[in-house]
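Protein chains get the first letters and strands the later ones, always in sequence-line order, with residue 1 at the start of each.
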Amino acid sequence: MSDPDPRAPLIPNLSQYEVDFVIPRVGVDVPLAIDPFLLFKSRDPNFREWHKLLLSTFNAGINAVRKGNLTRARSLLDFPEVSAIGMGYTRRSKRGSGVGSALTTLILDTLANSPLLQERGVRHIEEMQLLSAGIGPDRISDIAANILKVFLIEYTQRHSAIWKIRIQSGVPVKHIYDPVNEEWRDSYEDLPVSSVDGSPILLVPRRIVRALPWINYDDFLRTEFKAYLGARRNEIQRSKTIVSDSPLSDAAKSKASVVSVTRQDLGLVERYVKAREQQGAEARPALEYIDEDACAEAERLEKKLSTIKPGRDAATEYQHVVLEILNFLFNPDLIDGQPEVRTVDGTERRDLIFTNDSDESFWEYIRQEHSGFIVMFETKNMDELNLAAINQTATYLGDRVGRFGVIVTRNEPPETVRRKILSVWNDSTPRKVILTLSDADLNELLNRRCRGVSPTKWMQARYRKFRTDAQ
Amino acid sequence: MTPTKPEDKKRQLRLEKLESATSAIARIQGDLKTIDKLSKRRSELASHLHGFYWEIDKLAKGKAMIEVTPLMLEQANDIIRDAKEVVSDDTYLDRIKEFVPAGNNPVYPDVLVVMRGVKDCLERSKRQPDERRKHYEYLLSEATTIATALRLNIEEGNDPVLLKEVVDQIEGSVAEAWFIEGEDGNYAFDFEDLDARDLDTYLSRSADNDTSDDDDDDDDEIEVEDSDEEEES
């Protein structure tokens with residue numbers, strides 16, 4: 001029997017397009033890294049909490065160094081590679097070059113050589129790339145994956161349930177950070193495992209991965225450091241100093257020389273980081289790693305939708321296909337799509353709920369104009385949408401899920417329903433918007449996605465038409 | 001129960017007509033004030049739009065696909081909203097809707113085209129307040145004539161009420177159409193016509209239902225005026 005293709009997905013029967021997480025590969029790492037900046041800039045309070053934990057843990061390690069408690073520091077700043085996420089830059093295998101103790105030594109050396117850093121701590125753990133010659137983007141991802149492992153486990157379990165990924169009970173997982181007791185622990189968790197070697201699999205949200213972190217060394221070198229060197233050269237030329245032995249002349253040559261400068265002048269790092277924060281809207285999650293054929297996926301989903309008959313019997317199946325389609329169309333703008341979300345008291349059940357963490361102008365407008373941090377999609381597998389469905393959706397919309405909702409149904413709604421939707425808009429304060437998507441609309445959107453045309457622009461046009469009709 | 005005499009019944013009917021005419025006078029005077037206000041607003045809006053349009057026209061040059069600023073969008077939407085308030089019954093204005101940014105403001109050429117539409121609409125409607133004012137002024141003269149004739153009849157006992165008697169009582173114009181020529185050559189108020197009419201409905205009729213030769217003349221004038229405007233621009 002031949003060996004499996006190392007690039008094959010480790011979780012079979014799923015398309016990367018239709019799920020919220022990065023699907024690991026059988027024998028190679030996906031060339032991505034967790035980018036903590038995407039957590040920092042997120043509108044999702046959970047993601048922002050993750051970022052806070054990253055910082056507080058790392059800065060607790062720095063604080064231990066400052067206080068001379070190296071044993072505690074070594075324990076806190078211990079970040080072995082998390083191969084379970086299946087991400088990294090090594091070409092040949094899934095085991096990267098990262099060894100926990102080596103990374104710890106690098107971090108401790110950096111701190112030992114930068115009293116200023118000990119005093120200040122970090123605002124972003126990515127700053128360590130600019131202060132240590134041995135720390136690159138993969139190590140930043142390792143640090144994040146270690147500290148966030150407890151969240152990744154919960155995320156993996158939740159999405160395994162949605163996508164019916166086989167879970168194994170009592171899988172040993174090492175080195176999980178316990179934020180309450182501020183220590184690492186080993187545990188047994190219910191997780192999917194690799195069919196190749198039985199190792200645990202941790203799923204990572206697509207929304208938080210990039211090929212390179214937004215704050216990265218190469219960009220720093222091109223921008224802030226280049227400007228710094230230019231200014232220094234001018235200064236030196238003006239004072240006619242011989243520069244051949246200056247560390248600055250070496251700085252452009254090696255990272256070691258650059259970090260020797262940044263450790264002495266943290267202002268360089270601060271200015272660069274501030275600039276990157278200001279440009280934060282441009283920090284988007286990666287999509288390039290998805291090598292599947294978008295048109296084939298669009299065709300597959302269209303076919304799948306057409307085989308589902310309208311009616312209550314196929315309601316669950318319909319809902320699941322709609323989830324796949326919406327992920328294909330709108331991820332990573334609308335993320336963490338979850339079916340069957342119930343309210344706390346269990347009285348209301350919303351079909352599909354997405355978190356609107358988009359940087360696209362339309363979704364940003366929805367977030368601001370209609371408190372649309374959550375976007376609700378109601379799936380109605382019926383031939384003709386009725387007034388009761390509109391009333392139900394209008395009732396769900398409000399402070400908790402925002403005031404923008406979409407009903408996904410099989411056919412164009414009749415005139416009476418369209419009028420009812422307009423009356424919901426006219427009679428509500430603040431206004432509630434309900435849009436509808438039929439099979440024909442979904443097919444049009446799939447077709448646009450296949451052609452590389454933004455489905456979000458189509459939604460924007462549909463929204464504008466609704467608002468114009470309501471005038 | 002004492003049977004009502006025909007004279008009493010007639011008097012009662014005319015008292016009711018007098019009340020209708022009196023309340024119509026107050027209402028029509030209010031309508032005339034509203035028309036004046038709308039006319040003033042239309043004129044101010046046209047002036048404001050004139051400046052806004054030419055500024056946008058200048059800015060639009062070479063900015064084909066650039067979005068307008070939020071301030072321009074707000075002003076354009078204000079102009080559309082105001083125009084809809086001051087102009088009624090214009091199919092083309094009805095088709096113009098406020099811009100919905102939805103994350104992206106409209107581009108300069110789109111705003112320019114829509115503002116041109118509103119500008120043309122305001123130009124077309126320039127005479128609309130005048131026509132409406134003329135209609136309401138005539139209604140007011142009718143209501144005043146009727147109320148005066150009724151008072152002379154009920155309070156002074158005049159029967160018939162002659163045109164010259166009414167003219168003596170009224171400062172403004174008299175609706176002569178309400179008088180008919182008698183055998184003696186004098187013009188007397190037509191109470192027969194008045195008694196037969198539902199006065200509330202008659203004095204509430206809109207300008208649209210009030211078809212007269214004057215309206216046709218005005219339409220012609222507006223067309224001529226539009227042509228002039230085109231030449232100017």
Side-chain angles (χ1 to χ4, degrees), chain A residues 43 281-282 284 329-330 333-334 354 356-373 375 402-406 418 421-422 424-426 428 430-437 441 445 448 453-471, chain B residues 38 41-42 45 49 52 56 60 63-122 124-125:
Chain A
R43 294 86 180 170
E282 293 164 41
R284 309 277 172 104
L329 296 174
F330 299 119
D333 292 311
L334 303 183
F354 285 81
N356 176 3
D357 199 11
S358 179
D359 295 299
E360 289 284 334
S361 57
F362 170 66
W363 293 117
E364 204 168 338
Y365 176 87
I366 293 297
R367 203 166 44 231
Q368 287 168 5
E369 190 74 10
H370 302 297
S371 313
F373 167 64
V375 178
R403 293 172 185 84
F404 175 83
V406 182
R418 280 208 288 269
I421 290 172
L422 286 175
V424 168
W425 162 265
N426 285 322
S428 54
R431 307 274 201 185
K432 293 177 180 178
V433 177
I434 300 173
L435 300 185
T436 60
L437 290 177
D441 294 330
L445 285 164
R448 286 176 76 94
V453 183
S454 163
T456 292
K457 289 286 175 201
W458 188 95
M459 286 295 284
Q460 185 184 43
R462 170 59 64 95
Y463 172 86
R464 277 198 181 122
K465 180 162 187 334
F466 170 80
R467 288 282 307 271
T468 308
D469 287 348
Q471 283 180 31
Chain B
L38 280 177
R41 277 188 70 194
R42 196 214 66 84
L45 180 62
L49 176 55
F52 184 76
I56 291 273
K63 289 183 181 172
M65 295 313 286
I66 294 179
E67 292 177 14
V68 300
T69 62
L71 177 70
M72 281 182 184
L73 177 71
E74 193 185 335
Q75 293 209 2
N77 278 343
D78 286 346
I79 286 169
I80 295 169
R81 205 177 309 119
D82 290 347
K84 282 174 184 279
E85 277 177 26
V86 298
V87 179
S88 56
D89 303 326
D90 187 298
T91 311
Y92 301 99
L93 182 64
D94 289 346
R95 285 182 194 161
I96 292 175
K97 308 285 183 186
E98 286 177 45
F99 293 102
V100 179
N104 292 100
N105 289 350
V107 292
Y108 277 90
D110 287 355
V111 175
L112 195 66
V113 166
V114 170
M115 288 299 104
R116 177 74 208 197
V118 178
K119 196 170 181 291
D120 290 346
C121 157
L122 287 179
R124 272 196 304 277
S125 68

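Listed by sequence position, A:K457, A:Q460 are the residues of residues 454-462 of chain A in contact with chain B, using a 4.5 angstrom heavy-atom cutoff. At a heavy-atom separation below 4.5 angstrom, chain B is approached by A:R464, A:R467, A:T468, A:Q471 within residues 464-471 of chain A.
Contact between B:G103 and A:S361 at its shortest, heavy atoms only, is O-CB, 3.1 Å.
Of the atoms belonging to A:Y463, it is side-chain heavy atoms, and not backbone ones, that fall under 4.5 Å from chain B.
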